[in-house]
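Working notes for the structure below.
Just so you know, ligand 1 is whichever comes first in the structure, and atom 1 is the first atom listed for that ligand. Positions are given from 1 along the sequence. Worth knowing before you read on, the calculation uses all heavy atoms, side chains too, and leaves out hydrogens, waters and symmetry mates. Bear in mind that the values here come from a model prediction, so they are computed numbers and not experimental data.
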Amino acid sequence: MSFTAPITLPGLTLDLAWYKRAVFYEVMVRSYVDSNGDGAGDLSGLTSKLDYLQWLGVDGLWLPPFFASPLRDGGYDVSDYQTILPEFGTLDEFRDLVTKAHERNMRIVIDLPINHTSDAHEWFQQSRSDPEGPYGDYYVWSDTDEKYPDIRVIFVDSEDSNWTFDSERRQFFFHRFFSHQPDLNFDNPAVVAATFDIIRFWLDLGVDGIRLDAIPYLFESDGGTGEGEPATHEYVRRLREMVDRDYPGRILIAEANQWPNEVVEFFGTDEAPECHMAFDFPAMPRIFYALRSQSATELVRVLSEHTHKPSFASWGVFLRNHDELTLEMVSEEYRQAMYGWYAYDPRMRVNVGIRRRLAPLLDNSRAELELVHALLFSLQGSPFLYYGDEIGMGDNIWLPDRDASRTPMQWTPDRNAGFSTADPGKLFLPIVQSLVYNYSHTNVEAQLAQSRSLLHWVRNVIHVRKAHPAFGLGSLTVLRTSHESVLAFVRDYGGSGTPFGDQPERVLCVFSFAHNPVAVDIDLAGFEGAAPYDLFGGAPFPTVRDDGVLTLTLATQNFYWLHLAAQASTEL
Ligand code: BGC
């Protein structure tokens with residue numbers, strides 16, 4: 001089966017590669033809109049904002065877990081995978097969200113943390129009280145806490161071991177995250193079957209994709225690191241087989257916070273596919289590094305490594321999400337530099353990362369916000385926005401852990417920022433009232449009213465991206481430039497066999513991280529004589545010289561997206 005060719009069913013064209021052109025938006029149900037005044041967001045509230053999201057240009061929503069949970073890890077501690085937490089709504093309300101999203105041609109991707117459950121899950125309760133019973137072997141139990149010594153601790157701020165003693169079963173249980181999140185035992189076929197059933201349950205309800213939370217950590221082995229073990233890849237391959245066979249067009253997204261050569265393994269191969277998408281953890285911190293170091297070198301290195309992946313595979317690129325800006329994928333030297341630039345107050349740090357939102361990270365610089373969004377929307381892969389970043393929302397570093405950047409969405413300058421009608425004291429988290437990001441001026445309504453607001457700018461850039469298939473479907477080739485602050489690449493789309501027809505398209509993307517204006521020579525050998533024009537305003541730019549060089553000047557922290565049109569006589 002070709003992954004770019006649409007399948008046509010009676011009355012319906014199913015584009016299997018929809019995710020490659022999609023713009024995704026991560027929205028935490030609890031943080032978005034409270035429709036019943038109880039102080040927490042809910043599914044009906046989210047459904048009421050689908051028109052806004054459609055206007056913005058969003059094609060797919062990623063919903064972090066909204067299942068039954070004690071909410072000790074933002075819902076990633078699930079106590080029942082097939083029940084919706086009552087404060088978020090009901091299954092009927094979820095069905096309504098899916099239906100109304102689909103009516104707008106918008107997809108729903110849900111997040112499934114299957115590596116672990118909450119300790120409040122019935123399976124764990126039975127496992128600890130009845131070791132010989134049906135759930136006795138559902139978790140990873142041991143008489144010692146010395147097994148798997150090479151498996152690192154992830155939540156270093158709160159855990160000093162991956163093992164915790166259970167006083168009831170009188171054994172240790174294994175956990176990669178919080179000690180209230182025991183890891184499921186994937187060596188037990190019943191656990192594998194149970195997780196497949198859960199995934200089928202949600203796919204049967206019509207969801208378009210599953211984010212596989214913490215996917216590298218499913219299996220452990222003696223002497224292994226517990227990250228991307230062969231058995232874990234085998235599990236994902238089997239899952240993919242099931243999805244392709246029974247739910248064609250639905251996608252799997254890997255959350256694998258790993259080095260590039262390890263992340264690509266979660267795509268598998270064309271012959272033995274795994275996930276359709278994987279988040280691009282290595283590129284993300286390097287974008288922030290480039291901004292402050294004024295050097296594109298590290299970004300160039302990591303982008304050049306991204307060339308080998310199967311044809312169906314696509315990166316999920318992002319700037320921020322509901323977690324800390326993780327610095328696990330950079331060297332110690334770079335990490336220390338990033339802490340110095342972006343987390344000068346120790347409160348801004350958590351685990352191996354920085355718990356701040358996009359606008360505060362960039363000190364609310366409009367030039368930097370535009371630059372990083374332009375990069376996000378032109379890198380190879382599909383962009384994932386984090387709710388609120390489209391209006392430059394602030395954070396609250398006085399709140400614990402990652403709650404700093406999970407505060408309620410700011411819709412209006414009214415009570416509770418239009419998020420909820422509850423007594424302000426009842427909100428699950430307070431609204432941001434800081435000097436710079438106060439909801440009285442940082443809100444959707446105010447930005448809708450200003451034609452030059454960040455919100456309108458982001459919407460515009462999304463729509464320009466969507467009008468050019470090269471961004472979603474094209475290859476990416478990094479070009480040599482004469483200035484270390486300047487990143488340049490060509491997105492090249494050959495154009496055949498897709499809903500866009502047969503029109504080839506090449507877009508030159510140029511970004512300057514310099515803190516002053518620069519002039520730069522870009523090596524466009526092979527494009528001699530090409531006549532670039534600006535994708536936004538259509539203005540013509542100087543042609544590429546006969547020696548294959550294009551000389552451009554860029555204002556401080558500026559960028560260009562230029563269509564590389566052929567001259568009449570040049571066949572590009
Ligand atoms: C999620 C985190 C969560 C962790 C443990 C992660 O990968 O993104 O928010 O705390 O899994 O469930």
Checklist line | Glu333, CD atom: more than 12 neighbouring heavy atoms under 6.0 Å | finding: no
Check: Just by distance, with hydrogens left out, do Asp59 and Tyr19 show a side-chain donor and acceptor under 3.5 Å apart?
Finding: no
Notebook entry, point to check: In terms of ring plane angle, is the pair Trp141 and Phe124 parallel, tilted or perpendicular, where the classes change at 30° and 60°?
Noted result: parallel
Notebook entry, point to check: Any non-hydrogen atom of Arg176 lying under 4.0 Å from ligand 1?
Noted result: no
Notebook entry, point to check: Of all the non-hydrogen atoms in the protein, which one sits nearest to atom 10 (O) of ligand 1, and at what distance?
Noted result: Asp73 OD2, 2.7 Å
Next item on the list: Check Phe155 against ligand 1 and report side chain, backbone, both or neither, counting heavy atoms closer than 4.0 Å.
Entry: side chain
Check: Quick one: nearest non-hydrogen protein atom to atom 1 (C) of ligand 1, plus distance?
Finding: Asp213 OD1, 3.2 Å
Next item on the list: Distance to 0.1 Å, residue and atom name: give those for the protein heavy atom nearest to atom 12 (O) of ligand 1.
Entry: His116 NE2, 2.7 Å
Check: Of all the atoms in ligand 1, which lie at a distance below 4.0 Å from a heavy atom belonging to Gln181?
Finding: 12 (O)
Notebook entry, point to check: Between Asp389 and Arg357, does a salt bridge (charged side-chain N to carboxylate O under 4.0 Å, His left out) hold up when you go through it step by step?
Noted result: CA-CA 8 Å; Asp389 283 347; Arg357 262 191 181 269; 2.8 Å; yes
Notebook entry, point to check: Does the separation of the ring centres of Phe94 and Phe66 fall below 6.0 angstrom?
Noted result: yes
Notebook entry, point to check: Ignoring hydrogens and geometry, is there a side-chain-to-backbone donor-acceptor pair from Asp34 to Gly39 under 3.5 Å?
Noted result: yes
Next item on the list: Select one of side chain, backbone, both or neither to describe which atoms of Arg211 lie under 4.0 Å from any atom of ligand 1, heavy atoms only.
Entry: side chain
Notebook entry, point to check: If you draw the axis of the six-membered ring of Phe384, does the NZ or CZ of Arg211 fall within 45° of it and under 6.0 Å from the ring centre?
Noted result: no
Notebook entry, point to check: Between Glu241 and Arg238, is there a side-chain N and carboxylate O pair less than 4.0 Å apart?
Noted result: no
Item checked: Ligand-residue contact atoms, ligand 1 with Glu255, heavy atoms, under 4.0 Å -> 6 (C), 7 (O), 8 (O)
Check: Can you list the ligand 1 atoms lying under 4.0 Å from a non-hydrogen atom of Arg402?
Finding: 2 (C), 3 (C), 9 (O), 10 (O)
Margin query: Out of Asp401, Asp111, Asp323, who is nearest to atom 9 (O) of ligand 1 when you count heavy atoms only?
Written below: Asp323
Next item on the list: State the atoms of ligand 1, each with its element, that fall below the 4.0 Å cut-off from a heavy-atom position in His322.
Entry: 1 (C), 2 (C), 8 (O), 9 (O)
Item checked: ligand 1-proximal atoms of Tyr76, by part, heavy-atom distance under 4.0 Å -> both
